[in-house]
Each structure stands twice: as C-alpha cells, then as structure tokens.
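For reference, the structure discussed in these notes is given below.
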Number of protein chains: 2
Amino acid sequence: MKQSNIAKVFKALSSEQRLNLFKMICDETEKLNLGKEKNCCEGLEKAFTTACDCLDLSRSTISHHFKELQNAGLITCKRVGQSYSCMVNKDVVQEVREFLK
Amino acid sequence: MKQSNIAKVFKALSSEQRLNLFKMICDETEKLNLGKEKNCCEGLEKAFTTACDCLDLSRSTISHHFKELQNAGLITCKRVGQSYSCMVNKDVVQEVREFLK
DNA sequence: TTTACTATTCGAGAACTATCGAACATTATG
DNA sequence: CATAATGTTCGATAGTTCTCGAATAGTAAA
C-alpha cells in the first residue's frame, strides 16, 4: 500500500467519533461471530442504526463518517433491504499494522 | 491507552508530510543501529536538520510537525548541543498496533 | 398509494490545520 | 563580543473538517 493511502487510513481514524464508530463496528462484528464458523460472517447488519444508538450524532453526520471509513478502505458496506450491512476489511487493517512494525 | 489518545496518535500520522517525517525518523534510526548492540540507541542525531533536507517544507512548519509527533507521544526529542536528538517511542507504536488487532 | 422507516445529499457555520515568512531565542565558534 | 547555525514562536491566510438541520430519495409494508 502506498504511503499516501496509509495516511488516508490514519486520517479516517483520527477523529475520535469516527474511531468510536470503527471500534463499534469491530466489536459488534466480533460479538456476532462468537461461536460461529470462521468466514461465515456476512458483516454487521443494521450497522447504521446501531451506530445511531451508540453515538450521539445526527444521522447525516454518521452517514458522513461511514463514507470516510469506506473511502479509506477500512470497511465495506452494502445495502440489505431497508438497511445496511457493514464489514471490516481486515487486510487493510493488517497492512497498517505492518507499516507500524 | 485511552481511546482518545489512540485517536491523537492517528491524527499525528494523518498528514502525509508528517507521516513522511515519522517514517524518516524510523528509517534513519534503524540505519544508525545496524550492527550495533541492542538498546545502545541514543536516538537520531540532527533530526531536525535531516528533516529539513528530506522534506520540502519551511523550518517553522517542520518544527510544528515535530511538536505534533511529540505531543502524540510518538517521539521524544532532546536538545544536544546546538541541535536535536530524537527517538521513536516504540511502546506507543506497539500499543497502537495492539489496538488494531 | 400512503405511510413509515432508513439513509443520502446539500448548504452553512464554527472550528481546526497546514503552511509560510518574519522576528526572536539559544548555542557554538572565530 | 560578533557571527553563524539551529530551532521556536507569532500572525496571517488558504484550505479542510465536523457538525447540524432541512430537503430528498430508496425500500417495505399497510
């Protein structure tokens, strides 16, 4: 990954609220996967709604933060019916960890 | 480390120029330590001057970026004579890596 | 189709950041 | 002390980011 992309990831995680959001996605995803087979994860369902519950921010702001995380490549979201499923891109996280080695 | 401090570290690394600076410090420090005993590292000497050579930025801007990295706890600097010695705080980097696990 | 729920986009204001050059401070040396 | 080298601080400017509420759009269900 180019260094400019690494910076982009750091930027995405540099706002405290967005870091909370990212952590929430990671944690909730992990909860869902406890006791399931590996790789069966379809992502966190109703991610947007969950985020609205967890963070004290307007929906438009939350939408914006989701976009930033997607834009940095940290998460992938897809519409599922009325709502929103969301996955952490572990390979990107891993690359950033390698960078910090 | 509190999540707000983690965000601070990410913020420090979120500017591309500052990321270059940090990388430069890491790389130059590593060069110096090749072939030396472990833990003999006194830090990168003349870090400021080296930074001025590597980055196309004014001295005041570089001073500002050093401050940001220090403030986030990523590096520690001390004056040595006329110039400036600088060390990476590996434990902080390690904590951030753990956060991303 | 109407209604309700969910998410996005837009416009705006406040706050923050990156960057510069100029002036200043500190240290070493002739 | 005078000069040179190295860093810091200040004030300004241009640009970016966070946040909101209002308006809009997509989807599901009555």
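Since this is a predicted model, take the numbers as computed values, not measurements. So that the names make sense, note that chain A is the first sequence line, chain B the second, and so on, each numbered from 1.
Contact check for Arg97(B) versus Lys101(A): side-chain heavy atoms found under the 4.5 Å cut-off. With contacts defined as side-chain heavy-atom distances shorter than 4.5 Å, the pair Leu13(A)/Phe99(B) does not qualify.
Nucleotide dT6(C) holds its P atom 6 Å from the CD atom of Gln82(A), rounded to whole Å. Atom NZ of Lys46(A) is separated from atom C1' of dT27(D) by 13 Å (rounded to the nearest Å). Asn71(A) places its CG atom 12 Å from the P atom of dC18(D), with the value rounded to the nearest Å. The CG atom of Asp53(A) sits 14 Å away from the C1' atom of dC5(C) (whole-angstrom rounding). Put simply, NZ on Lys8(A) is 14 Å from P on dT16(D), counting in whole angstrom units. Across the protein-nucleic acid pair, Phe48(B) atom CZ and dA5(D) atom C1' stand 12 Å apart, rounded to whole Å. Here the P atom of nucleotide dG7(D) and the CG atom of Leu55(B) are 14 Å apart, to the nearest Å. Between the CG atom of Leu57(A) and the P atom of dA7(C) there is a distance of 15 Å, given to the nearest Å.
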Working for side chain to side chain contact (heavy atoms under 4.5 Å, CB included), residues Leu55(A) and Met24(A): CA-CA 9 Å; Leu55(A) 307 177; Met24(A) 183 216 88; 5.5 Å; no
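The line from CD of Gln82(B) to NZ of Lys46(B) is 8.5 Å long, rounded to the nearest 0.5 Å. For the atom pair CE (Met87(B)) and CG (Leu74(B)), the distance works out to 12.5 Å, reported to the nearest 0.5 Å.
Taking the six-membered ring where the residue is Trp, Phe66(A) and Phe48(A) present parallel rings, their angle staying beneath 30° rather than reaching 60°.
Contacts between residues 12-25 of chain A and DNA chain C, defined by a heavy-atom separation below 4.0 Å, involve no residue at all. Looking at residues 59-68 of chain B, you'll see Ser60(B), Thr61(B), His64(B), His65(B) sit with a heavy atom under 4.0 Å from some atom of DNA chain C.
Hydrophobic cluster membership is shared by Phe10(B) and Met1(A), with clusters built from Ile, Leu, Val, Met, Phe, Trp and Tyr side chains linked at under 4.5 angstrom.
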